[in-house]
Amino acid sequence: MVSMIFNDPSSAAAFHRLSFTRFSNGLVSLRRFVGPLHVFSNTPTLPRALSLHAPRSSRFITASMAAEPSAKVIDGKSVAKQIREEISAEVTKLKEAIGVVPGLAVILVGDRKDSATYVRNKKKACESVGINSFEVNLPDDASEQEVLKYISDFNGDPSVHGILVQLPLPSHMNEQNILNAVTIEKDVDGFHPLNIGHLAMRGSEPLFVPCTPKGCIELLHRYGVDIKGKRAVVIGRSNIVGMPAALLLQREDATVTIVHSRTKNPEEITRQADIIISAVGQPNMVRGSWIKPGAVIIDVGINPVEDATSPRGYRLVGDVCYDEACKIAAAVTPVPGGVGPMTIAMLLSNTVSSAKRAYNFN
Ligand SMILES: NC(=O)C1=CN([C@@H]2O[C@H](COP(=O)(O)OP(=O)(O)OC[C@H]3O[C@@H](n4cnc5c(N)ncnc54)[C@H](OP(=O)(O)O)[C@@H]3O)[C@@H](O)[C@H]2O)C=CC1
Ligand SMILES: Nc1nc(=O)c2c([nH]1)NC[C@@H]1CN(c3ccc(C(=O)N[C@@H](CCC(=O)O)C(=O)O)cc3)C=[N+]21
């Protein structure tokens with residue numbers, strides 16, 4: 001038996017919620033109960049709160065019905081839009097109060113089409129909230145020294161509050177050397193070893209948290225998903241997504257397991273999770289059978305798959321088999337429109353925080 005709980009959109013103001021309880025025989029019973037709204041109070045236009053808890057006191061008012069359960073869609077695109085509006089207001093406040101406009105510098109090396117698209121999207125997002133953006137495009141055969149020179153210039157430029165070196169870098173460059181060169185005060189990607197080290201240490205705070213994992217947690221928060229005490233599985237252990245996502249979940253008091261390419265029984269381990277964050281890069285790897293009924297799924301994967309019907313000849317899918325997940329999970333992020341837009345929103349947020357910190361502005 002599983003429970004999925006979500007606010008009734010037609011009566012959210014009265015804090016009424018509907019609860020579907022699905023039994024092993026496939027029947028679904030509908031309950032209505034009145035209770036405290038689970039979490040967020042400052043996001044009135046956001047989607048309904050979602051809780052992993054079963055209600056303690058609830059009142060049966062309706063009989064059973066046979067229906068295919070369907071997960072709630074965690075709409076990263078609309079949450080990111082809301083966050084951009086919040087950031088835009090902060091940027092205006094900063095400018096009016098002390099005449100400072102936050103600035104983000106992006107360094108792109110090489111001519112990868114996907115990287116160029118991401119950089120273009122970041123630039124557009126900056127414009128949309130009033131952040132200045134500075135862009136450097138270097139050819140694929142540029143030297144590491146050239147990149148380091150630009151980083152050093154941006155480190156010393158007071159109009160730049162955030163520096164992002166688009167990854168991946170060409171293979172002749174040493175990624176660690178380059179990421180280490182960004183001053184930690186402007187490391188809005190949160191990839192500097194000192195920022196990662198602070199993230200990993202209890203009682204310590206990094207200046208910046210990596211954008212994609214931060215966006216995943218922000219989605220869980222804004223959808224009212226309880227993390228404390230839950231079992232979380234992160235699939236993938238990269239420096240930019242999987243590892244920091246696991247650290248963040250742990251900081252939120254989840255019990256965290258990391259699944260990677262050498263894990264012996266990934267399906268069985270993942271099936272124990274209340275919360276799954278998948279960052280692998282394998283289309284549709286996480287099947288319905290990997291998912292515990294009622295789990296919440298954050299799908300970070302962005303995988304192009306051939307699609308002759310799409311104008312681009314391909315479409316993007318996640319690591320999680322979306323159709324199967326929808327039938328068994330409580331909530332799931334789509335691809336596109338899930339974590340991707342949140343990554344960019346968190347980058348803007350980190351850039352504004354950096355500018356505020358530089359001027360001691362609260
Ligand atoms: N939405 C967004 O904003 C972002 C999306 N992405 C997307 O997320 C995905 C992951 O990105 P990234 O972390 O950079 O990728 P990496 O390739 O750096 O890391 C992939 C991770 O997945 C693990 N892995 C690979 N195959 C399997 C498998 N069969 N079973 C279990 N684990 C496996 C690897 O394990 P091992 O360590 O053992 O090799 C590794 O830890 C990609 O699709 C990428 O495009 C990335 C960044 C941002
Ligand atoms: N230094 C650095 N920092 C990064 O944060 C970083 C990086 N390098 N290299 C590449 C990855 C990938 N990444 C994404 C950002 C936004 C979307 C995004 O907005 N995706 C849209 C779809 C975009 C489309 O349609 O192509 C979505 O999921 O809805 C995706 C992926 C950031 N990364």
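Source: prediction; values computed, not measured. Every number for a ligand or one of its atoms is a count from 1 in the order of the listing. Counting begins at 1 with the first residue of the sequence.
Atoms of ligand 2 lying under 4.0 Å from at least one heavy atom of Phe191, given by number and element, are 1 (N), 2 (C), 3 (N).
Looking at Glu185 and Thr183, their side chains do bring a donor and an acceptor atom within 3.5 Å of each other.
Nearest to atom 20 (N) of ligand 2 among the protein's heavy atoms is Gly340 CA, 3.7 Å. For atom 12 (C) of ligand 2, the closest non-hydrogen atom on the protein side is Tyr118 CE1, 3.7 Å. For atom 3 (N) of ligand 2, the closest heavy atom belonging to the protein is Asp189 OD1, 3.1 Å.
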N/O contact list for ligand 1, threshold under 3.5 Å:
| from | atom 1 | to | atom 2 | distance (Å) |
| --- | --- | --- | --- | --- |
| ligand 1 | 1 (N) | Val300 | O | 3.4 |
| ligand 1 | 3 (O) | Thr343 | OG1 | 2.6 |
| ligand 1 | 13 (O) | Ser238 | OG | 2.5 |
| ligand 1 | 32 (N) | Ser261 | N | 3.4 |
| ligand 1 | 35 (O) | Ser261 | N | 3.3 |
| ligand 1 | 37 (O) | Arg237 | NE | 2.7 |
| ligand 1 | 38 (O) | Arg237 | NE | 3.3 |
| ligand 1 | 38 (O) | Arg237 | NH2 | 2.8 |
| ligand 1 | 38 (O) | Ser261 | N | 3.2 |
| ligand 1 | 38 (O) | Ser261 | OG | 2.5 |
| ligand 1 | 41 (O) | Arg237 | N | 2.8 |
| ligand 1 | 43 (O) | Ile302 | N | 3.0 |
| ligand 1 | 43 (O) | Ile302 | O | 3.3 |
| ligand 1 | 43 (O) | Asn303 | OD1 | 3.4 |
| ligand 1 | 45 (O) | Ile302 | O | 3.4 |

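Contact check on Asp323 versus Lys327 returns no salt bridge, with no Lys/Arg side-chain nitrogen under 4.0 Å from an Asp/Glu carboxylate oxygen. The pair Lys122-Glu135 fails the salt-bridge criterion, with no side-chain N (NZ, NE, NH1 or NH2) lying under 4.0 Å from an Asp/Glu carboxylate O.
Put simply, the side chain of Tyr314 never gets that close to the backbone of Asn303: no donor and acceptor are under 3.5 Å apart. In terms of modelled atom types and a separation under 3.5 Å, the side chain of Asn174 and the main chain of Ile178 share no donor-acceptor contact.
Residue contacts with ligand 2, taken as heavy atom pairs separated by less than 4.0 Å, involve Pro341 via backbone and side-chain atoms alike.
Between Leu167 and ligand 2, a contact under 3.5 Å exists for at least one N or O pair. On a distance-only criterion, Gln166 and ligand 2 share at least one N/O pair closer than 3.5 Å. At least one N/O-N/O distance between Gly337 and ligand 2 falls below 3.5 Å. For ligand 2, none of its N or O atoms has an N or O atom of Leu316 under 3.5 Å away. Checking only distances, Thr212 never comes within under 3.5 Å of ligand 2, N or O to N or O.
Here the side chains of Phe154 and Val136 are in contact, with some heavy-atom distance below 4.5 Å.
Contact annotation: Cys211 has no heavy atom less than 4.0 Å from any atom of ligand 2. Put simply, part of Ile302 is less than 4.0 Å from ligand 2, judged by heavy atoms. Heavy-atom separations between Thr117 and ligand 2 are all 4.0 Å or longer. Note on ligand 2: Arg312 sits in its first shell, one or more heavy atoms being nearer than 4.0 Å.
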Asp307/Arg315 under salt bridge (charged side-chain N to carboxylate O under 4.0 Å, His left out): CA gap, chis, key distance, verdict: CA-CA 6 Å; Asp307 181 358; Arg315 70 194 153 86; 3.3 Å; yes

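Geometric assessment of Arg357 against the ring of Phe208 yields a positive cation-pi assignment under the 6.0 Å and 45° thresholds.
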